[in-house]
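Since the structure is predicted, the reported quantities are computational estimates derived from the model, not experimental observations. Residue numbering restarts at 1 for every chain, and letters A, B, ... go by the order of the sequence lines. Below, all heavy atoms of this structure are taken into account, side chains as well, without hydrogens, waters or symmetry copies.
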2 protein chains.
Amino acid sequence: MVRQREFDEGKALDAAMRVFWEKGFEASSLNDLTFEMGIQRPSLYAAFGDKKQLFETALRKYTQLHASDIRSKLQKGKTVKESFRFLLVGIVEEEYAIGPSKGCFCINTMVELAPHDEKFEILTREHQMYLATIFQEKIEQGVHSGELAGDTNIKALAQGLVITLIGLTVMMKARPERSFADNAIQMALTMIK
Amino acid sequence: MVRQREFDEGKALDAAMRVFWEKGFEASSLNDLTFEMGIQRPSLYAAFGDKKQLFETALRKYTQLHASDIRSKLQKGKTVKESFRFLLVGIVEEEYAIGPSKGCFCINTMVELAPHDEKFEILTREHQMYLATIFQEKIEQGVHSGELAGDTNIKALAQGLVITLIGLTVMMKARPERSFADNAIQMALTMIK
DNA sequence: AGTATATTATACTAATCAGTATAAATTAAA
DNA sequence: TTTAATTTATACTGATTAGTATAATATACT
């Protein structure tokens, strides 16, 4: 055995993730990918398979990072309600920050590929359901601590908040006035009581 | 002057709208378009300009149809709350009906093009804002009739419901269990009181 | 009927696409 | 140092892309 791989597979995958995240599957060319990944075409195929396999690998990495990101962001509030407020406001502020927003790679994929490719329908659905369970755990904390009403429909509330998160993320791509996002968040938080 | 156009421009545009709606901008080829529109390539360019201009024309037509569709669907309930329930449940049921769902052409465009093309950022934002004003009018009816609380933040509620509509529409592309959608709708409707 | 004009259909362009064959370069083991 | 194995880089493939030039066709007006 000889000649170790010259490039860092993890970093190359991160670069591919960013390209697909920003441009989507169709609009990302192999030239875009190899350029950003800093590797040649045959190296890409040897390490990651074809374009769609690379996309899937990149998306799977994204969903893992995204889930843990959501998890940690939900720890930032003193109360459950405040935690969700921080999470949603954070989405909005990221989008108004410098540069064009990429939104959420998983949501982008739900729109572009899920309707035409069952594999991505399943992968994206399962990620959203996983986010719902993360939300659910947080809400349970609030119910047990007495912050939230004992008759709270925990699962329904979690799923409702996932829909809010998706809707807000997509709406931000059209860069609405700040008040639009703030109002929507304010109303969504009234679901928590 | 001579030789009238052989094809119906309106029907050709409808066909183009369906293609772009289903596949998005990048994944729709001129062969797809001319085939579905039933016209030849030069006829398309003569009548609608290039691919992007055709896309924009198709999207503008869609937003008009969509707005009036939403308007009429909001008339179906006895109360304001019931009207919004019907609207949201209708979205869900359309997606579970036969065939793969296309979702909303405008939302698809928000995800695919708005972040990279200011024209579509504006066009899609304005459509969502227009939907919010339609919602607002409906909510005002409820406040005036006494169905809804007098201190209802009408604009915020309307914008919150737009976010719910977007989130639900996108989530349906991943075909979640029916209960997911139903729960989310149930929670969203608690914003109306 | 003849002519001018607009719309068709065919066929082409140059560029780009995803994917691969080939060969040079590199390195660990013998 | 030689050999074998693996990854590089270059260059190519055939297909497809958006867009257009050309020529045939059809029609309203003179």
Set of residues satisfying ring-ring contact (aromatic ring centres under 6.0 Å, His included) with respect to F180(B), sequence neighbours excluded: none
Donor-acceptor contact below 3.5 Å, side chain H144(B) vs main chain E140(B): yes
Sequence neighbours excluded, every pair satisfying side chain to side chain donor-acceptor pair (under 3.5 Å) that has a member inside residues 105-116 of chain A: N108(A)-K173(A)
Show me the donor-acceptor pairs within less than 3.5 Å that the side chains of residues 32-41 of chain B make with the rest of the protein, sequence neighbours left out.
unit_1, atom_1, unit_2, atom_2, d
D32(B), OD2, K23(B), NZ, 3.1
D32(B), OD2, S29(B), N, 3.1
D32(B), OD2, S29(B), OG, 3.2
T34(B), OG1, L30(B), O, 2.9
T34(B), OG1, N31(B), O, 3.3
R41(B), NH2, N31(B), OD1, 2.7

Base versus backbone protein contacts along nucleotides 17-23 of chain D [heavy-atom cut-off under 4.0 Å; B, S, -]: SBBBB--
F48(A) CZ - dT20(C) C1' separation (whole Å): 18 Å
Separation of dA9(C) P from I39(B) CD1 (nearest whole Å): 9 Å
Protein-nucleotide distance (K23(A), atom NZ; dT16(C), atom C1'), rounded to Å: 13 Å
Could you give the side-chain donor-acceptor pairs of residues 85-99 of chain B under 3.5 Å, partners two or more places apart or in another chain?
unit_1, atom_1, unit_2, atom_2, d
E93(B), OE2, R178(B), NH2, 3.4
E94(B), OE2, K73(B), NZ, 2.9
E95(B), OE1, S101(B), OG, 2.4
Y96(B), OH, P176(B), O, 2.1
Y96(B), OH, R178(B), N, 3.3

Parallel, tilted or perpendicular: rings of F55(B) and F105(B) (30°, 60°): perpendicular
Residue pair R125(B), E121(B): steps toward the salt bridge (charged side-chain N to carboxylate O under 4.0 Å, His left out) verdict: CA-CA 6 Å; R125(B) 175 172 66 231; E121(B) 174 197 308; 3.0 Å; yes
Interatomic distance where CG belongs to L44(B) and P belongs to dA6(C) [whole Å]: 20 Å
Pair assignment for DNA chain D - dot-bracket with | for other-strand partners, Watson-Crick or G-U under 3.5 Å: ||||||||||||||||||||||||||||||
